[in-house]
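In what follows, a single structure is set out as structure tokens and then discussed.
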Amino acid sequence: MNELDRKLARIAEALSGEGIVFRQNEPLARYTTMGLGGPVDLLVQPASAAQVETALALVREHHVPLRVLGAGSNLLVSDAGVRGVILHTASLNQVELLQPGTLIAGAGVHFPALVRRAAQQGLRGLEPGVGIPGSLGGVLTMNAGAYQFAIGPLVEEVEVVSPDRGHMVLRRGEFDFRYRASSFGADLIVAGATLSLQRDEPEAIKADMDAHMRFRKETQPVGVKSAGCIFKNPAGESAGRLIDSVGLKGIRVGAARISEVHANFIVHDGTASAADVLGLIATVQEQVFSKTSVQLEREVMTWQ
Ligand code: EPU
């Protein structure tokens, strides 16, 4: 047993003592929409902000690598997996509706489910985001968006846990959102948020939500293994349009291929490896650069 293994064993023992759920040597493929990735030493699944704080204190005390995982929808994990601790937010899944128009939800709530729940309750504002396959915490951290939808204007408060400063509630003005980035991350972990929505008829909201989902299905590969858009859009351009314009739709490395529906998506039939996907990312970057002089930057997170 090396030093890291000894530290992880001590963390596991302490987590057991605290009654915090965790899994050891857990394969990550089932936690990512790409369906890829080797194991992590400790996958910790806190069920409250207080448990997040306890888990973070242990990570800090023992100085082991820490990562945060939501729905794994914008993530590529290497075939070898990762060392250390992953804090998985799935059990921070409570949703509370406060009248009028205020919704409080945990970071682990699946965003499309939250959008549907809001629609049923007659709360408008989230419906253009119904096809974003992340967790609420991931949507906030990555500032995920789609079709003019951005979460930022709807956020009143965010409950966070900082490894250094502990548990805090930040109010509007104390956090900000940029293109596919925000104030949140591994040093300011989202535990939950309060969203401010408009009241409307559930049927009207549902009709808009369904129209957004239909449009997404026409323009993006839905229902296949992918990690959303792979590259950030260069200023004033769509990475998908650019990759398409140089003729790369359908190209493959191993079993990973550029989607025929939208060229900024890498898809596979369940048989690709993470190495295939990384190889295809590098190939696309090289070919786009050699033909257009544009250096595409990854949007998808990689853990290796
Ligand atoms: N286009 C092509 N070929 C393609 C893909 C797109 O010609 O293969 C053209 C489209 O026809 C359209 C233009 O490029 O005229 C823009 O395409 P789209 O509307 O799909 O938008 P995008 O800029 O490619 C961005 C986000 C998506 C988001 C959509 C819709 C990024 C990197 N991508 O894509 O976000 O869903 O707008 O709002 O910001 C993601 O972040 O994972 C993601 C999928």
Side-chain angles (χ1 to χ4, degrees), residues 21-47 52 55 65-93 105-115 129-146 151 180-182 184-186 189-193 216 220-232 255-256 259 264-278 280-281 298-304:
V21 172
F22 66 93
R23 295 160 195 268
Q24 284 174 294
N25 200 25
E26 181 72 356
L28 292 168
R30 72 180 72 143
Y31 300 96
T32 69
T33 57
M34 259 294 184
L36 297 174
V40 63
D41 297 295
L42 281 182
L43 184 82
V44 183
Q45 298 177 310
V52 173
L66 170 73
R67 295 175 175 84
V68 183
L69 174 67
S73 60
N74 189 45
L75 177 64
L76 183 60
V77 181
S78 72
D79 297 313
V82 290
R83 298 299 322 262
V85 170
I86 290 178
L87 202 145
H88 186 212
T89 61
S91 301
L92 300 168
N93 58 2
V109 175
H110 197 235
F111 198 68
L114 187 66
V115 177
V130 65
I132 298 176
S135 62
L136 175 62
V139 167
L140 286 163
T141 304
M142 288 298 303
N143 189 21
I151 190 83
R180 296 294 184 267
S182 74
F184 311 112
I189 295 165
V190 176
R216 188 160 178 126
Q220 295 184 2
V222 173
V224 287
K225 293 198 185 307
S226 89
C229 284
I230 294 289
F231 301 103
K232 290 182 182 170
S259 166
N264 200 3
F265 284 68
I266 291 179
V267 295
H268 73 108
D269 61 3
T271 62
S273 63
D276 291 343
V277 179
L278 289 168
L280 187 51
I281 289 174
R298 260 191 303 99
E299 193 232 272
V300 72
M301 288 178 64
T302 54
W303 288 355
Q304 44 197 331

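FYI, the numbering just counts along the sequence from 1.
- Shortest non-hydrogen contact noted between T33 and A71 is CG2-O, 4.1 Å.
- A heavy-atom distance below 4.5 Å is found between the side chains of L43 and Y31.
- A search for salt bridge (Lys or Arg N to Asp or Glu O under 4.0 Å) contacts involving R180 returns E299, not counting sequence neighbours.
- Annotation: the span from I230 atom CD1 to T302 atom OG1 amounts to 10.0 Å, rounded to 0.5 Å.
- Remark: V21 engages Q45 in a side chain to side chain contact (heavy atoms under 4.5 Å, CB included) (not counting sequence neighbours).
- Looking at every heavy atom in both residues, I132 comes nearest to F111 through O-CB, 3.9 Å.
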Under the criterion side chain to side chain contact (heavy atoms under 4.5 Å, CB included), I'd like the reasoning laid out for L28 against V82: C-alpha separation, chi angles, the key distance, then a yes or no. CA-CA 9 Å; L28 292 168; V82 290; 4.0 Å; yes

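- In this structure the side chain of M34 reaches within 4.5 angstrom of the side chain of V277, judged on heavy atoms.
- The minimum heavy-atom distance linking I266 with A256 is given by the pair CG2-CB, 4.0 Å.
- Within the 4.5 Å cutoff, the side chain of S182 has no heavy atoms near those of the L140 side chain.
- In this structure the side chain of L76 never reaches within 4.5 angstrom of the side chain of R298, judged on heavy atoms.
- If you take CG on L87 and CG on L42, they are separated by 11.0 Å, rounding to the nearest 0.5 Å.
- In terms of heavy-atom proximity, A107 sits nearest to S135 at O-CB, 3.3 Å.
- Note that the CG atom of L69 and the OG1 atom of T89 stand 7.0 Å from one another [nearest 0.5 Å].
- Nearest heavy atom pair, residue A255 against residue T271, reads CB-OG1, 3.3 Å.
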Residue pair V40, V77: steps toward the side chain to side chain contact (heavy atoms under 4.5 Å, CB included) verdict: CA-CA 10 Å; V40 63; V77 181; over 6 Å; no

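- In this structure the side chain of L66 reaches within 4.5 angstrom of the side chain of I189, judged on heavy atoms.
- Summarising the geometry of A181 relative to N143, their closest heavy-atom pair is O-CB, 3.4 Å, with the distance given to 0.1 Å.
- Within the model, atoms CG of L136 and CG of L92 stand 10.5 Å from one another, a figure rounded to the nearest 0.5 Å.
- Taking CZ of R83 as the start and CG of D41 as the end, the distance is 4.0 Å to the nearest 0.5 Å.
- Checked by atom type and distance alone, the side chain of N93 never pairs as donor or acceptor with a backbone atom of G108 at under 3.5 Å.
- When side chains are defined from C-beta on, F265 counts as touching C229, because their heavy atoms get closer than 4.5 Å.
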